[in-house]
2 protein chains.
Amino acid sequence: MRASLRARSIVWNADAVTTPPPGLRERKKQATREALREAALRLAVERGPDQVRVEDIAEAAGVSPRTYNNYFASREQAIVSAVTADREARIAAAVAARPAGVRLADAVTEAVVEQYTDTGEREHKALLLITTGTALRDAFLDATAGIEPPLTAVITERLDHAGAHTARVLAASVAAAVRIALEGWLRPAGHTESAKSSGAGGLVVPSGSLPDRLRSALAPLAPAFDAAERHTRP
Amino acid sequence: MRASLRARSIVWNADAVTTPPPGLRERKKQATREALREAALRLAVERGPDQVRVEDIAEAAGVSPRTYNNYFASREQAIVSAVTADREARIAAAVAARPAGVRLADAVTEAVVEQYTDTGEREHKALLLITTGTALRDAFLDATAGIEPPLTAVITERLDHAGAHTARVLAASVAAAVRIALEGWLRPAGHTESAKSSGAGGLVVPSGSLPDRLRSALAPLAPAFDAAERHTRP
DNA sequence: CAGGAAAAGTGCGTGCGCGCAAGTTTGCGC
DNA sequence: GCGCAAACTTGCGCGCACGCACTTTTCCTG
């Protein structure tokens, strides 16, 4: 089983004017976090992912091993966070960027697809690394849960702060759908295990592209979004 | 060796669909699992939850510590599973039990509420234990993800095996919604941390009953269910 | 600007998750 | 029955997550 652990990262208010006081303290903290991220990813790429101990990461980042896991609960989380770090905020920002006239469902879908399709040079290399191992893959999938809080924020805003808990549920559903899409995407081969009691026809799409998978995973949720925004704006 | 067990003497065949052959091997496995579950819960109730080591649980169940975590990945998981063990299957069964005519959304909602409301004598006592600690609470919340596979199965069936992946997304969304409901339910006090960027009025319902929370968390998903079954049966 | 409180970093010890390589049991075909 | 292959268990060992107590840094306030 996968143990999901809640790592709380500070999400800055994206639409606010500017960060009032940067705070020297917070600066160093983020610097350390970034140093750990980069060190973890770099070492994982250089040697195998399994040939990296926390001690190595901590040393490369210039902190003690104990400090390391004040930031990350697991080795995998550190490596993965290097590639999923800001996706959360970027998705939320992308949703907020859409004009207020468009369907919420479309805004969210496009924002998600956009952020997962835009593979930066380094990200693509990292994804190759992640795909190789089970541990890293699970960590990567668990990381998708991180989009829930910022998504909740923007959706709540679009819904005029009316159905606050509705926004929460919708955001969580989106996170779940994205997770499913990614799950299916990075296991084209093997794994007949998932048959379970799904019944007869395993008629699943062989292996669509990631954007296609994301869209078709989010599509079933569209009616829920429509109903939600219809409810707030009759 | 030659046990006098005829395959037909099994009384507690709970599975709705297929029960191929019970298999003596699988029997002992489930027996061990159950022994570990019960031992974990009992010890956790007797002493504090933090005063129980895996070694104790394993000893109480009559296996080695190493065997213990061939079954459970964490101490908390073992304890929690004693109370969430069959809920998954029970929810799926409850959905399947509803007449085929009713709205899928209603069937699912009622099934979920029913299974979480029906507090067995022992369950209620266990929940008190779980509420006390953060670790157990998280494990309990994580366990809600377990309802996804069986829910996927029944929903797929109701949808005439058409939108297989739609069923998957809906099931995952339900799991997420249930999780949210439980989350809010077991933290009526404290935790001002969740303020985040939710904006102005924190106008949330003070602390509704669990059934109410479940219903209102599942409500936003109803349109998605309606659309799904409308799509398969025009 | 001084002093003290809050927060971040660090050393240390304990229990745990899990891979590995035996040993033991279960199941099945001859 | 016989024996083989697969599945399950177990001892061993390594690294890691994390609580606790303590030092160092940062921030606030009189």
Phosphate contact (C:dT10 OP1 or OP2) by A:Tyr68 side-chain N/O below 4.0 Å: no

Interatomic distance where CZ belongs to B:Arg33 and P belongs to D:dA7 [whole Å]: 17 Å

Interatomic distance, B:Arg27 CZ vs C:dG27 P [rounded to whole Å]: 10 Å

Distance below 4.0 Å between B:Ser74 side-chain N/O and C:dC16 OP1 or OP2: no

Integer-rounded Å distance: C:dT26 C1' and B:Gln30 CD: 16 Å

No-hydrogen, no-angle side-chain donor-acceptor test under 3.5 Å, A:Arg90 and A:Gln115: yes

Charged N-O contact under 4.0 Å between A:Arg53 and A:Glu59: no

Below 4.0 Å: OP1/OP2 of D:dT26 and any side-chain N or O of A:Lys28: yes

Spacing of B:Ile79 atom CD1 relative to C:dC16 atom C1', expressed in whole Å: 14 Å

NZ/NE/NH1/NH2 to OD/OE distance under 4.0 Å, B:Arg168 and A:Glu183: yes

Touch class at under 4.0 angstrom, heavy-atom based, for A:Phe72 against every strand present: nothing

Geometric cation-pi criterion B:Arg33 and B:Phe72, 6.0 Å radius, 45° cone: yes

Nucleic acid contacts of residues 41-66 of chain B, taken as heavy-atom distances under 4.0 Å to DNA chain C: B:Arg53, B:Val54, B:Arg66

More than 12 heavy atoms from other groups under 6.0 Å of CZ on B:Arg47: yes

Atom pair OH/CZ of A:Tyr68 and A:Arg75 - distance to nearest 0.5 Å: 7.0 Å

Spacing of A:Asn69 atom CG relative to C:dG17 atom P, expressed in whole Å: 16 Å

Length of the line joining A:Tyr71:OH and C:dA8:P, which is rounded to integer Å: 7 Å

Rounded interatomic separation in angstrom, taking CZ from A:Arg75 and C1' from D:dA17: 12 Å

Rounded distance (Å) that lies between atom C1' of C:dG17 and atom CD of A:Gln77: 16 Å

Distance in Å, A:Leu43 CG paired with A:Gln51 CD, rounded so as to fall on 0.5 Å steps: 12.0 Å

